[in-house]
Structures are given as structure tokens and as C-alpha cells.
Visitor: 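Next up is a structure, given as C-alpha cells.
Within every chain, numbering begins at 1; the chains are lettered A, B, ... in the order of the sequence lines, protein sequences first and strands thereafter.
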There are 2 protein chains.
Amino acid sequence: MRTYGQHCPLAKTLDVMGDRWSLLIVRELMIHGPSRYTDLRNGLPGIATNLLADRLRELEQAGVIRRDEAPPPIATALFRLTPRGDELRDVVKAMAQWGIPLLLHALDQEGEEFHSRWLGSPVTLYMTDTAPDRPPITIQVNTGDEPMLIETIGGAVRARPGHDEHADAVLSGPPRPVIALITGRIGLAEAKAAGVGYTGNLDALRRIQPGVAATA
Amino acid sequence: MRTYGQHCPLAKTLDVMGDRWSLLIVRELMIHGPSRYTDLRNGLPGIATNLLADRLRELEQAGVIRRDEAPPPIATALFRLTPRGDELRDVVKAMAQWGIPLLLHALDQEGEEFHSRWLGSPVTLYMTDTAPDRPPITIQVNTGDEPMLIETIGGAVRARPGHDEHADAVLSGPPRPVIALITGRIGLAEAKAAGVGYTGNLDALRRIQPGVAATA
DNA sequence: CAGCATCCGCTTTGATACTG
DNA sequence: CAGTATCAAAGCGGATGCTG
């Protein structure tokens, strides 16, 4: 293993998690929960198969993930985060937050080929339900190629394709201002000016945006 | 530039900051402020000179750092974080926090060659003065090869070699439990059992430990 | 087919030497 | 001091093949 050889906590973390793909593997496990080798492969387009195997070994050795062999009859191994691996959530969140402007900028650049499912990463990585004890909420988002639902579930926030007649709020408009509004980069007024329409109660949105930092 | 090609804010951040040394350069600028090329080189033992030059170019292009040419007479360029670069503080902090156990583990392993100056990274990266409006505090730490002072200054926390007769508190003992106590991994009772002695008021310590997360 | 290991060409990194 | 130039070694991406 190549290390920085520095007695610094940041350098130590990079010694373990600084290799290419490592943090993205952790992201996959955070978003989707325990996953098979192939699930990870599908979620990480471009990774070489040997690299994925290498990384999984290294992360297991570092105590970040665990490989659970499934029971003998059916059986394919499942990879899941250890508690120690789950503690990387703050790291992933901080990096995801920093990346939101890059994401918005990329949307401006790369033509019109936006897929609604891309909402998944910003939402799941970046948002937390700050009031998990209150009734769950659902926000429907109409942007891009298919409607998406943003839902709270057990303190976390998920996004999945779908629609719901009884959503607490409905957002519609071009991807860029919609994402900027969702992630709190712009306010409602600015979003409206950029073509975002909504119905329902947007307090629901405020509940799942960062700000209060309910992680601690 | 090699990118992951994913529409995910984490992947976008890694596209920019995921290369080897990049985050450590940012760390140097966070700890020491605007720095010359040689200062960075000294703070990053092992980096190849061409890599440092490459990274500085890339980070400048990404808007993370700025290169300020000094005025014509004297003159050597200074590198400093842009506001956008300074926003990486949460990322660095989260990674540093995750790395504390690795640091402690490394101290157990690597013989007795501990240098007190290594306190610098954990302290500066990991701690924040949660009460910057109150009078500054000073904690003297006697561990390793030379006494260190931990001081609050303008909301930040620094560590530097030195001693102060009038420090608010004095900690003494073996490096491992001292660091664990400082970073809040263990409590006072456990630290005492591990050979840590103290005089003065340890409330000062509590003021600069994480917990309340005064970053937002 | 899932879960790798192997081989190969390319890119990135590391160590050192050299220059304005 | 602040880099550039050079070259070997390591890491990575892609394809392929092997094993249950």
C-alpha cells in the first residue's frame, strides 16, 4: 500500500480512502445498502473488474466494508458497510455538498441529455430528514425525462422514479434550477424566475435541506 | 483530466480533488495560510516537484487556489485558497475526524519516535473554537519531545512549540492518550488511567472540541 | 451468469537531474 | 527559489479467459 507517511489524520484517511474508486464504492453501499459484486459494477460504470475486486479486498482489510457470504443454497456474497465505514457519511456528505456547484455547471455544459435519475445522488448524499419523528413526506419532481419522487424514510431521503397524486409538494421545471432549488443553492424567487413552478407546501423541502445539520 | 463521467456531486468533487496530493496541498494552505512553492514542498515530504507544479496549476484552473505574483522588487509568488477552496474546510475536517483512530493506531505501531509537532495536524484540522467571542485560551501539552501550546486565535485553533506559565490548563503524559483526550476519543477518567496528568481548567479543552460543530 | 485473475497498453506518479 | 525535463515504476482501463 502506498502511504503518505505523514502523521496527520487527513493523510491517514487518504492512505485508506484516497485510491481511485474507493469513495464511490462506499457511496454505492450508502445509497443502495448491501450489494453484490455485480450491483456495484453496474453502479460504477468504467471501473475495471480487477480494480473493483482489489478495492473490495482493500476496503475489507481496512475495516470499512464486510463481505458476507450468503447461505449455501442460493448464495452470492453481499458487501456491506461496517459501522466504521458508515462513519464516512460525513465525508461523503461534505464532498457531495462541495460538488453541487460542479454538478450544476456540468448540466449547463453538457447539452440537454439530462436523466431524472441523476437526481438520486444529490438527494441521497446531500439531504437528511431533520424531523424524522414527524410523518414522512413526499415531493414530486417533474424535470428531465421522467417524474421522480423524493421521500423521507427513517431519517434518510431517497429519490426514485414515480409519481404520487398525494405528494406534499410538486416541483416542475428545467433541471438546473430545480436541482439548485432542491439543494438550497437558490431561493424560491430565483427558481421561479428560472422557470420552476410548484404546488403544495414547500416547507417539506426545507425540512430535508442541510442547514441544521442533523447528523451529529 | 480523467473524470468519472458520473452526474453525481461526489464524483464531480473527486474529479477535481481526487488526485493524489491535491487535498494535502489544500490542507497546507488551510493550516499555514498563503504559502510559497517551497513552503508547500516542505510541508509535503515525498512529493515530486513536477507533481507539485502540476497540482498547483490544476487547482488554480479549478478555482480552488490562486497564485499571487508578489510585487516586482522582492517577489516570489504566493499560493492561497480562494473562497471556493476555503469551502473545502468541511471536507478536510470530516476526513481528519475519520482519520483520528488511524492516527492513534499508527502511534501504537510505529515505535516511540513521536514528535510533538505532529499535534499540529489533528489540532488545526479537527478543532474549532466554539466560543470565539470569549477571551482566547491556551493549553500547554507536555508529551513527546518538546512542549506544545494549543491556542485559540480568531475562531481557529493552532498548535505550536512553546510553553506558557499562565496557560489555562496543562496536560502531560504519553502521546497516545493525550491525543485521544484532546480529540475527544476518550474521557478524562480513561486518560488519567492511561497516565495523563493535568492541572488547570479542562473546560477550555471542551470549548475547542468538535461536538457542537460551529462551522455552519 | 457471477466473481474474479491475467495480460497488455496507456497514464500517472516518483525520483532525480537540471535550468532561469 | 521555483520550477522544467527525463525516465523508471506503479497504477489504471479494457479485453479476455477461467472457475463455480
Side-chain angles (χ1 to χ4, degrees), chain A residues 1-6 11 14-29 32-62 65-80, chain B residues 1-6 11 14-29 32-62 65-80:
Chain A
M1 185 177 58
R2 183 163 52 169
T3 74
Y4 288 107
Q6 291 195 8
L14 290 171
D15 285 343
V16 174
M17 298 304 304
D19 279 337
R20 201 164 156 77
W21 297 107
S22 295
L23 263 180
L24 291 185
I25 291 172
V26 168
R27 177 201 69 183
E28 284 301 299
L29 296 176
H32 297 113
S35 310
R36 297 173 304 166
Y37 183 92
T38 309
D39 301 329
L40 293 172
R41 198 151 125 56
N42 291 336
L44 300 169
I47 193 173
T49 61
N50 56 345
L51 269 193
L52 178 53
D54 286 352
R55 292 291 176 273
L56 290 173
R57 241 191 314 269
E58 295 161 6
L59 291 176
E60 185 183 10
Q61 174 125 24
I65 68 172
R66 206 179 47 203
R67 150 203 241 91
D68 286 351
E69 298 295 340
I74 24 171
T76 168
L78 280 183
F79 297 92
R80 71 184 71 220
Chain B
M1 183 176 61
R2 184 161 50 172
T3 75
Y4 287 107
Q6 291 194 9
L14 289 171
D15 284 344
V16 174
M17 298 304 304
D19 279 338
R20 204 165 155 75
W21 297 106
S22 294
L23 263 179
L24 292 185
I25 291 172
V26 169
R27 175 200 71 183
E28 284 301 299
L29 296 176
H32 297 112
S35 309
R36 296 172 304 167
Y37 183 92
T38 309
D39 301 330
L40 293 172
R41 198 152 127 56
N42 292 336
L44 301 169
I47 194 174
T49 60
N50 56 347
L51 269 192
L52 178 53
D54 285 353
R55 291 291 176 273
L56 289 173
R57 244 189 310 269
E58 294 162 6
L59 291 175
E60 185 183 10
Q61 174 127 25
I65 67 173
R66 207 179 47 204
R67 153 202 239 90
D68 286 352
E69 298 295 341
I74 24 170
T76 167
L78 280 183
F79 298 92
R80 70 185 69 220

Visitor: Among L59(A), L56(A), I25(A), D39(A), which residue meets the side-chain contact (heavy atoms from CB on, under 4.5 Å) test with F79(A)?
Guide: L56(A)

Visitor: Tell me the interatomic distance from D54(B), atom CG, to dT13(C), atom P, rounded to whole angstroms.
Guide: 8 Å

Visitor: Figure out the CD1/C1' separation between I25(A) and dC4(C), and round it to whole Å.
Guide: 14 Å

Visitor: Which residues in residues 36-43 of chain B have at least one heavy atom lying under 4.0 Å from any atom of DNA chain C?
Guide: none

Visitor: Mind checking whether R27(A) and L44(A) have side chains closer than 4.5 Å, heavy atoms only?
Guide: yes

Visitor: Roughly how many Å is it from CG in L52(A) to P in dG14(D), rounded to a whole number?
Guide: 14 Å

Visitor: For Y37(B), is the NZ or CZ atom of R67(B) found under 6.0 angstrom from the centre of its six-membered ring and inside 45 degrees of the ring axis?
Guide: no

Visitor: Between atom CZ of R55(A) and atom CG of L24(A), what is the distance when rounded to the nearest 0.5 Å?
Guide: 11.0 Å

Visitor: Please give, in whole Å, the distance from dA15(D) P to I47(A) CD1?
Guide: 15 Å

Visitor: What is the distance from atom OG1 of T3(A) to atom CG of L14(A), rounded to the nearest 0.5 Å?
Guide: 11.5 Å

Visitor: To the nearest 0.5 Å, how far apart are CH2 in W21(B) and CG in L51(B)?
Guide: 8.5 Å

Visitor: Find the distance N50(B):CG to dT12(C):P and express it as a whole number of Å.
Guide: 13 Å

Visitor: For the side chain of T49(B) and the base of dA15(C), is some donor closer than 3.5 Å to an acceptor across the two?
Guide: no

Visitor: Grab the CG-P distance between L56(A) and dA2(C) for me, whole Å please.
Guide: 16 Å

Visitor: So, R57(A) and E60(A), do they make that salt bridge, N to O below 4.0 Å?
Guide: no

Visitor: Roughly, in whole Å, what's the span from CD in E69(A) to C1' in dA2(C)?
Guide: 12 Å

Visitor: May I ask you to test the R36(B)-L78(B) pair for a side-chain heavy-atom distance under 4.5 Å?
Guide: yes

Visitor: Knowing that exactly one of I65(A), N42(A), L40(A) qualifies, which makes a side-chain contact (heavy atoms from CB on, under 4.5 Å) with S35(A)?
Guide: L40(A)

Visitor: Report, one pair per line, the protein and nucleotides 8-12 of chain D atoms (nitrogen or oxygen only) whose separation is under 3.5 Å.
Guide:
unit_1, atom_1, unit_2, atom_2, d
dC12(D), OP1, R55(A), NH2, 3.0
dC12(D), OP2, R55(A), NH2, 2.7
dC12(D), O3', R2(B), NH1, 3.0

